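Worksheet: one structure, shown below.
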Amino acid sequence: MRLIIRQDYDEVSSYVAHYVKERINQFQPTPERPFVLGLPTGSSPIGVYAKLVDLHRIGQISFKNVITFNMDEYVGLPRNHPESYHSFMWNHLFKHVDINMKHVHILDGNATDLDEECRRFEALIARVGGIELFLGGIGPDGHIAFNEPGSSLTSRTRVKTLAYETIIANARFFEGDVTKVPKLALTVGVATVMDAREVLVVITGAHKSIALAKCIEEGVNHMWTVSAMQMHPKGLIVCDEDATLELHVKTVKYFKSIEHVHQSLIGPHNLGLQGNLLRSMKDTDENTGKRRKLFLGTVLNDDREPRAASVSSSSSNEEPPKSTEPKKNGDTGGWKRKLES
Ligand SMILES: N[C@@H]1[C@@H](O)[C@H](O)[C@@H](COP(=O)(O)O)O[C@@H]1O
């Protein structure tokens, strides 16, 4: 699992929006091969959606060939209620972008047969070949979607009773009145999320710092369902500084150093989409004809001089630039020092 730490909510939102943009653009979706995106609601993704809308307005991202599946929906709340997740998604994202609304899937919390609705949702996900990237948020008790503490980590889409803590947390959307918060929801299961080829969870705020610590520093545990991320081959958490309050200083430094090394390899403006580094690298340096070797994740020439990899995330098929100019002395020295220390 990777952990990316940014200063605040705004920086987290910006990072995630650009990440999503890069993933969709690199995928080059077509009507025959659409990009399947899982989406959350709540206050965590609002900034991400706002930035995606901005990116769409300046022509950097299109949702034309994107299919979406939302994580959850309240039971019994009219679809046009301002706090339904249907309304939320329409207001924050869908009405501002070029998505085909036939490609949007949100659980129907008013279906006459709720179990059948959940089965239908799982079948639809399977029919489109699974979810490529699932974005998520968590509650302060570490729940992902509405998979409350104690949910099976192998759970699928189903009806869930909301935990009292979640009802209290969500009362802020219902005039602070807990009696107005629906007590049941339909939600994808933990396994539904973990089946996605990549999972990205946004965690911001000091009130979620215990959940983040449980997820990162302790074991996989059904009482903190987001901890299932530890079992995912391609899991990414993007958090702000406040959310790291309960982490060990050592843990924070560790993940920051990993990101630093990663960024040094792929360049400062590259988001380091997972897996792209190796996919983008060629075995042989075109200019010297020498074979490149990977040593502890660092690209080495034959003469063992560490240097930045000539890779770009803009396209995994793109040729590396021809220039073999070494990085500035200071940079290379920094590299060496870091690798040796
Ligand atoms: N079902 C949603 C979750 O999907 C969301 O992650 C959580 C956190 O919300 P917020 O981002 O507002 O803290 O709220 C609800 O419980």
Side-chain angles (χ1 to χ4, degrees), residues 6 8-10 12-13 16-17 37-51 68-77 81-89 91-93 105-109 118 121 131 133-151 155 157-176 178 180-190 192-194 196 199-212 214-215 223-229 235-240 242-243:
R6 288 291 176 270
D8 52 26
Y9 179 88
D10 207 44
V12 166
S13 304
V16 176
L37 182 63
L39 295 172
T41 54
S43 49
S44 306
I46 288 179
V48 176
Y49 294 152
K51 286 180 197 298
T68 64
F69 286 89
N70 261 84
M71 290 191 137
D72 41 23
E73 177 58 288
Y74 290 115
V75 168
L77 203 61
H81 187 286
E83 295 306 333
S84 80
Y85 290 167
H86 280 80
S87 299
F88 177 99
M89 289 309 301
N91 290 326
H92 289 286
L93 184 64
H105 304 91
I106 305 179
L107 284 152
D108 179 1
C118 295
F121 201 72
I131 292 174
L133 171 65
F134 219 134
L135 297 184
I138 64 164
D141 60 2
H143 73 247
I144 186 156
F146 269 128
N147 293 288
E148 301 286 22
S151 294
S155 51
T157 305
R158 68 211 185 290
V159 187
K160 278 295 282 182
T161 308
L162 302 192
Y164 189 55
E165 194 172 345
T166 302
I167 294 170
I168 293 172
N170 289 0
R172 68 202 143 119
F173 301 117
F174 294 85
E175 297 149 20
V178 287
K180 290 187 178 155
V181 185
K183 308 295 180 289
L184 291 176
L186 301 186
T187 178
V188 293
V190 179
T192 318
V193 179
M194 296 304 145
V199 180
L200 189 166
V201 174
V202 175
I203 304 181
T204 57
H207 62 304
K208 295 186 181 170
S209 59
I210 293 176
L212 180 64
K214 294 279 178 191
C215 174
M223 294 309 284
W224 302 88
T225 52
V226 67
S227 65
M229 286 279 285
L236 173 61
I237 292 179
V238 186
C239 73
D240 65 358
D242 282 353

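Just so you know, these numbers come straight off a predicted model, no measurement behind them. In listed order, ligands and their atoms are each counted from 1.
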Problem - Option nearest atom 9 (O) of ligand 1 (shortest heavy-atom distance, choices Pro45, Gly42, Gly136, Gly205) - result: Gly42
Handout entry: Min N/O separation Ser43 to ligand 1 under 3.5 Å
Key = yes
Practice task
Please answer whether the main-chain N or O of Gly47 pairs with a side-chain N or O of Tyr9 as donor and acceptor at a distance below 3.5 Å.
Solution key: yes
Exercise for the section: Please confirm whether Ile138 comes within less than 3.5 Å of ligand 1 when only nitrogen or oxygen atoms on both sides are compared. Expected result: yes
Practice task
Without swapping roles, check the side chain of Asp240 against the backbone of Arg6 for a donor-acceptor pair under 3.5 Å.
Solution key: no
Handout entry: Asn170 and Tyr74: side chain donor to acceptor below 3.5 Å
Key = yes
Exercise for the section: Name the orientation class of the two ring planes belonging to His92 and Phe88 (parallel below 30°, tilted from 30 to 60°, perpendicular beyond 60°). Expected result: tilted
Completion exercise
If we number the atoms of ligand 1 from 1 as shown, the ones under 4.0 Å from a heavy atom of Asn170 are 15 (C), 16 (O)
Completion exercise
When distances are taken from atom 13 (O) of ligand 1, the protein heavy atom at minimum range is Lys208 NZ, 2.6 Å
Problem - Nearest protein heavy atom with distance in Å, relative to atom 11 (O) of ligand 1 - result: Ser44 OG, 2.5 Å
Practice task
Would you check whether Arg172 has a nitrogen or oxygen atom less than 3.5 angstrom from a nitrogen or oxygen atom of ligand 1?
Solution key: yes
Problem - Where ligand 1 meets Asp72 - atom numbers and elements under 4.0 angstrom, heavy-atom basis - result: 1 (N), 2 (C), 4 (O)
Practice task
May I ask you to decide if Ser227's main-chain N or O and Lys214's side chain share a donor-acceptor pair within less than 3.5 Å?
Solution key: no
Fill in the blank from the handout: Closest to atom 5 (C) of ligand 1 among protein heavy atoms sits Thr41 O, 4.0 Å
Handout entry: Exam field: side chain Thr225 to backbone Pro149, donor-acceptor pair closer than 3.5 Å
Key = no
Problem - Heavy atom of the protein closest to atom 3 (C) of ligand 1 (residue, atom name, distance) - result: Ala145 O, 3.4 Å
Problem - Separation between CG of Leu93 and OG1 of Thr68, rounded to the nearest 0.5 Å - result: 8.0 Å
Handout entry: Whether Asp141 side chain and His143 backbone form a donor-acceptor pair below 3.5 Å
Key = yes
Practice task
Enumerate the atoms of ligand 1 whose separation from the nearest heavy atom of Tyr85 is less than 4.0 angstrom.
Solution key: 1 (N), 2 (C), 15 (C)
Handout entry: His143, any N or O under 3.5 Å of ligand 1 N or O
Key = yes
Practice task
Check Val202 against Val12 and note the closest heavy-atom contact, atom names and distance.
Solution key: CG1-CG1, 3.8 Å
Handout entry: Ala163, Gly139, Gly137: member with heavy atom nearest to atom 6 (O) of ligand 1
Key = Gly137
